[in-house]
Amino acid sequence: MTHEHQGGVRGWFAARRGVWSRLRFTSLRLRLVVVFGLVALTAAVSASGIAYWLNRESVLTRTQDAVLRDFEREMQNRAGALPERATQDELQRAAGQMATSSQRFTVLLVAVDPGGRTVYGSSGGLNGFSLQDVPKSLRDAVTERQKITSANTYPHHLYWQRTVDDDVPYLVAGTRVIGGGPTGYMLKSLEPEAKDLNSLAWSLGIATALALIGSALLAHAAATTVLKPVQRLGVAARRLGEGRLDTRLRVSGTDELADLSRTFNKAAEALEKRVADMAARDEASRRFVADMSHELRTPLTAITAVTEVLEEELEFEGGGIDPMIEPAVRLVVSETRRLNDLVENLMEVTRFDAGTARLVLDDVDVSDQITACIDARAWLDAVDLDAARGIHARIDPRRLDVIMANLIGNALKHGGSPVRVSVRECGDGGETGGGGTVVIEVRDHGPGIPEDVLPHVFDRFYKASASRPRSEGSGLGLSIALENAHIHGGEITAVNSPEGGAVFTLRLPRDVSAQGSTVRDGDPGDAGAEGDA
């Protein structure tokens with residue numbers, strides 16, 4: 001057998017074992033029925049086996065004892081009356097008389113005639129029961145003379161043995177007349193008793209089968225009674241998992257399943273209350289952030305206008321800014337800009353949480369869009385763009401700008417220049433859209449992201465270094481970039497390159513409108529952060 005054929009056979013058996021395993025262990029009802037059936041089968045077979053064995057021994061022992069007593073009596077009465085050296089006719093006549101007893105067995109008498117020859121007399125004729133039909137071990141035991149002792153007063157005893165010939169059981173016995181005389185053998189068919197025992201075995205087998213069927217029906221009924229509440233509990237748990245927190249079970253009875261249903265109802269009630277409280281607190285928190293952001297916008301606008309004037313004064317040579325307070329003015333300008341970015345970020349996060357963020361789609365050249373993003377932030381000298389023109393996609397250009405500004409700004413801040421941005425297309429689709437995916441990779445040449453930080457880079461307000469809580473970023477930029485990718489039906493992943501540095505990969509569908517994302521027409525007024533880690 002080839003290795004390929006052996007592997008195919010092993011695979012076939014493995015598949016069958018897997019199917020059988022699922023059949024055996026998937027259904028609790030089936031397991032209960034099987035267990036009940038095995039218990040009932042074991043009990044029924046044990047009881048039937050014991051009953052059959054007891055009846056068998058009783059029937060055979062009773063028949064055997066009756067036959068042996070009758071044979072022993074006939075040997076004493078008939079064979080004992082014969083002379084020590086009987087003739088064949090005398091043996092034949094005595095054997096025939098012995099066979100007419102109530103037990104109807106076949107008799108064989110063996111003796112030595114007056115001439116010294118061994119003669120035989122059989123009740124079944126010369127072609128009937130013969131000495132060859134007697135097992136040799138039995139003949140040896142019958143003819144062997146026993147030693148006379150205080151415990152053994154007779155030199156010869158009655159011996160018997162059960163044999164089977166052509167599937168018919170027989171009882172064979174033999175003994176010798178005490179004080180000299182013929183040796184007698186008896187053959188008794190036990191076929192009637194065997195038929196009675198076979199009938200008994202069939203009856204016990206039918207009773208076992210009926211007990212097995214009855215136990216299976218009882219097990220099915222018991223399983224239905226037990227599993228119906230469990231099934232209701234499973235359905236209720238699934239509904240609860242689907243968010244239907246008002247799901248409750250109908251409780252009846254005082255057993256363990258009823259206690260389980262009550263416990264489930266209490267847990268569901270507590271969960272519903274807890275979720276309602278959390279939803280209320282979350283809604284209040286979002287409303288607070290939104291209100292705070294809007295309330296901060298008005299004074300922040302005025303502060304921004306003042307800081308712009310101060311910044312112009314700082315840039316104007318010979319301005320009226322006292323050199324002693326110039327560092328403080330620059331700090332105010334920087335922190336005001338940072339506060340303005342933070343407020344815009346919070347408003348953007350609030351829109352995502354409230355589900356009010358919308359896409360304004362347009363057919364754009366991805367390469368031109370990324371080039372515009374880099375040029376608007378004066379990053380041309382720090383970014384190496386590898387993107388062929390002609391890769392078109394139907395996306396929200398403003399949100400793509402927010403994503404790229406955050407990814408490239410994060411790479412410049414933490415990885416240093418040069419930052420390499422590459423664009424490619426995957427999947428099918430034509431030049432102007434259709435199916436497929438646009439893949440944008442942003443790679444820096446820094447030390448990479450620590451392994452313990454990598455799972456949290458897109459978390460809100462997460463900063464890798466706890467010792468620098470007042471870094472330039474707010475910790476919202478990458479999370480906003482990820483949310484913008486998700487609203488497009490895309491994804492952003494972050495890994496460390498084996499050659500060094502971190503690689504952020506953005507995947508966006510080329511036609512967002514085919515993904516079922518939320519789209520609206522109008523002015524893209526949502527704000528976004530840039531370059532924030």
Side-chain angles (χ1 to χ4, degrees), residues 10 12-69 103 160-172 188-238 249-264:
R10 284 194 295 269
W12 186 87
F13 278 111
R16 294 303 179 273
R17 283 196 300 269
V19 171
W20 176 241
S21 177
R22 287 192 295 272
L23 287 176
R24 284 189 300 174
F25 300 109
T26 300
S27 173
L28 182 58
R29 182 189 302 275
L30 179 60
R31 280 184 282 176
L32 285 174
V33 172
V34 169
V35 170
F36 268 77
L38 289 177
V39 171
L41 181 62
T42 302
V45 168
S46 300
S48 298
I50 294 173
Y52 178 80
W53 182 79
L54 292 176
N55 280 275
R56 179 180 181 275
E57 289 302 314
S58 176
V59 170
L60 293 179
T61 301
R62 184 173 61 250
T63 302
Q64 175 181 294
D65 291 346
V67 171
L68 293 178
R69 282 196 305 269
Q103 296 300 324
W160 60 270
Q161 186 174 340
R162 293 175 191 166
T163 62
V164 177
D165 186 13
D166 292 335
D167 296 329
V168 178
Y170 292 94
L171 176 65
V172 183
K188 170 66 175 178
S189 173
L190 300 178
E191 187 174 7
E193 288 75 14
K195 291 182 179 179
D196 292 341
L197 291 175
N198 288 336
S199 299
L200 176 62
W202 275 105
S203 300
L204 293 176
I206 294 173
T208 301
L210 293 177
L212 182 60
I213 295 173
S215 67
L217 295 176
L218 289 175
H220 186 273
T224 301
T225 304
V226 173
L227 293 180
K228 190 171 292 184
V230 177
Q231 290 173 346
R232 288 199 296 264
L233 180 62
V235 172
R238 283 194 296 271
L249 288 172
R250 180 171 54 85
V251 180
S252 60
T254 58
D255 56 8
E256 290 79 0
L257 292 175
D259 291 339
L260 180 60
S261 299
R262 293 188 187 92
T263 303
F264 176 85

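By convention here, the first residue in the shown sequence is residue 1. Here the structure is a predicted model, which is why all the values come from computation and not from measurement.
Minimum heavy-atom separation, Y170 to S189: CD2-CA, 3.6 Å. Between S48 and T208, the shortest heavy-atom contact is OG-OG1, 2.9 Å. Listed here is the closest heavy atom pair of A258 and V251: O-CG1, 3.9 Å.
Annotation: D167, atom CG; neighbour count of heavy atoms from other residues, nucleotides and ligands within 6.0 Å does not exceed 12.
Note that the CG atom of L260 and the CG atom of L249 stand 8.0 Å from one another [nearest 0.5 Å].
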Scan the side chains in residues 190-198 for donor-acceptor partners under 3.5 Å anywhere in the protein, sequence neighbours excluded, and list what turns up.
unit_1, atom_1, unit_2, atom_2, d
E193, OE2, T63, OG1, 3.4
N198, ND2, A194, O, 3.3

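Legend: residues meeting side-chain hydrogen bond (donor to acceptor under 3.5 Å, both in side chains) with D165, ordered by chain and number and at least two apart, are absent. Shown here are the side-chain hydrogen bond (donor to acceptor under 3.5 Å, both in side chains) partners of R69, two or more places apart in sequence or in another chain: there are none.
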